[in-house]
Enquirer: 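Structure below; questions to follow.
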Amino acid sequence: MRLRDRLHIDATTQRRLSRAMQVVLVGLVFIGLDRGNVGIVANSAIALGVTYLPATLERDYHIPMDAGLTLWITTAVFLHALGTVGLPGSQFSFYQTVWWWDHLTHALSASVVAAAGYATVRAIDLHTEQVYLPPQFTFVFILLFVVAFGVLWEVLEFAVGGLASLLGGDAVLTQYGLEDTLLDLVFDIVGGVLVAIWGTAYLGDVVGALARLLERRSGEA
């Protein structure tokens, strides 16, 4: 079963939703430019670039990225970028005014990271006998991978915030203290658990394509 079947939304509608979010992201870039907010511009522009990644992977590397997977990735980066903006006329972003926004985006982003980590390592597992990922260890691996990435992200947020303070500019990424960091990691784990329980079943095509890509690359070497 593909992810689009699980969502109970036809592929055409999912593609339209992804396109609509891309259009909004373009608008967010201009909003950031109008406000002179580097954080909004940077996060929206990077998110927009990420939304084109599935099409690039499918075109250049023949990795199947159906409408459901594309919508999953697009929604994650879209909500993060939107969170940096906020309501018109307000100086505060959704991250600052909506208490659950940060939790939602961390869980959703972590699920994408978990899926990417699982698909890559599983493909390597299929490609070479030097790496073996026992089925019963998959759940643990996904959680460890997500936590490691989450810690790296928090360190990056801290470093970017500190650098912005030293230079007297706006921080592209913002950290709101130790309690916020711990909650971020908790919801990163939530995203990883969701993928470990339900998501791996929808990544079989991607794993197979990655394994074949590795096989071709090793044959060319």
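Numbering of residues begins at 1 and proceeds along the displayed sequence.
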Enquirer: Rounded to the nearest 0.5 Å, what separation is found between the CD atom of E215 and the CG atom of L210?
Expert: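 So the gap between those two atoms works out to 13.0 Å.
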
Enquirer: Which value, rounded to the nearest 0.5 Å, describes the distance between N37 atom CG and Q91 atom CD?
Expert: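 Between atom CG of N37 and atom CD of Q91 there are 11.5 Å.
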
Enquirer: Tell me every residue that passes ring-ring contact (aromatic ring centres under 6.0 Å, His included) with F145, counting only those two or more places apart in sequence or in another chain.
Expert: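 For F145, the residues satisfying ring-ring contact (aromatic ring centres under 6.0 Å, His included) (neighbours in sequence not counted) are F141.
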
Enquirer: Distance-only criterion, 3.5 Å: show the donor-acceptor pairs between side-chain atoms of residues 54-63 and protein atoms not counting sequence neighbours.
Expert:
| from | atom 1 | to | atom 2 | distance (Å) |
| --- | --- | --- | --- | --- |
| T56 | OG1 | Y52 | O | 3.0 |

Enquirer: Between side-chain atoms of residues 182-193 and protein atoms elsewhere (two or more places apart, or another chain), which donor-acceptor pairs fall under 3.5 Å?
Expert:
| from | atom 1 | to | atom 2 | distance (Å) |
| --- | --- | --- | --- | --- |
| D184 | OD1 | H106 | NE2 | 3.4 |
| D184 | OD2 | H106 | NE2 | 3.4 |
| D188 | OD1 | H106 | ND1 | 3.0 |

Enquirer: Which pairs pass salt bridge (charged side-chain N to carboxylate O under 4.0 Å, His left out) with one or both residues in residues 113-124, sequence neighbours excluded?
Expert: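 Matches after skipping sequence neighbours: R122-D125.
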
Enquirer: What's the spacing between L69 CG and Q14 CD if we round to 0.5 Å?
Expert: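 L69 CG to Q14 CD: 9.5 Å, rounded to 0.5 Å.
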
Enquirer: Is it the case that the side chain of E154 and the backbone of T181 share a donor-acceptor pair, with hydrogens and angles ignored and the cut-off at 3.5 Å?
Expert: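 Such a contact is absent between E154 side chain and T181 backbone.
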
Enquirer: What's the spacing between T70 OG1 and M21 CE if we round to 0.5 Å?
Expert: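 Interatomic distance, T70 OG1 to M21 CE, rounded to 0.5 Å: 10.0 Å.
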
Enquirer: Would T74 and L17 count as a side chain to side chain contact (heavy atoms under 4.5 Å, CB included) if you check the C-alpha gap in whole Å, the side-chain angles of each, and the deciding distance to 0.1 Å?
Expert: CA-CA 9 Å; T74 302; L17 288 172; over 6 Å; no

Enquirer: Using atom types as modelled, flag every donor-acceptor pair under 3.5 Å from a side chain in residues 110-117 to any protein atom, sequence neighbours excluded.
Expert:
| from | atom 1 | to | atom 2 | distance (Å) |
| --- | --- | --- | --- | --- |
| S111 | OG | W72 | NE1 | 2.9 |
| S111 | OG | L108 | O | 2.5 |

Enquirer: Not counting sequence neighbours, which residues clear side chain to side chain contact (heavy atoms under 4.5 Å, CB included) with W100? List them please.
Expert: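 W100 satisfies side chain to side chain contact (heavy atoms under 4.5 Å, CB included) with V98, L104 only.
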
Enquirer: Would you say R16 has more than 12 foreign heavy atoms packed within less than 6.0 Å of its CZ?
Expert: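 Atom CZ in R16 is not packed in, count stays at 12 or less.
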
Enquirer: Counting N and O atoms only, with roles assigned by atom type, does the side chain of W101 sit under 3.5 Å from a partner on the main chain of L79, one being a donor and the other an acceptor?
Expert: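 Between the backbone of L79 and the side chain of W101 there is a qualifying donor-acceptor contact (under 3.5 Å).
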
Enquirer: Indicate yes or no: at least one non-hydrogen side-chain atom of L214 is less than 4.5 angstrom from one of R217.
Expert: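 Side chain of L214 against side chain of R217, heavy atoms only: no contact under 4.5 Å found.
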
Enquirer: State, with a plain yes or no, whether a side-chain heavy atom of L156 is found less than 4.5 Å away from one of L152.
Expert: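 No. Closest side-chain heavy atoms not under 4.5 Å.
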
Enquirer: More than 12 non-hydrogen atoms from neighbouring residues, nucleotides or ligands closer than 6.0 Å to CZ on F149, yes or no?
Expert: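 For F149, atom CZ is not crowded (no more than 12 foreign heavy atoms under 6.0 Å).
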
Enquirer: Could you check whether any side-chain N or O of S44 sits under 3.5 Å from a backbone N or O of V41, counting only pairs where one atom can act as donor and the other as acceptor?
Expert: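 Not a single qualifying donor-acceptor pair exists.
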
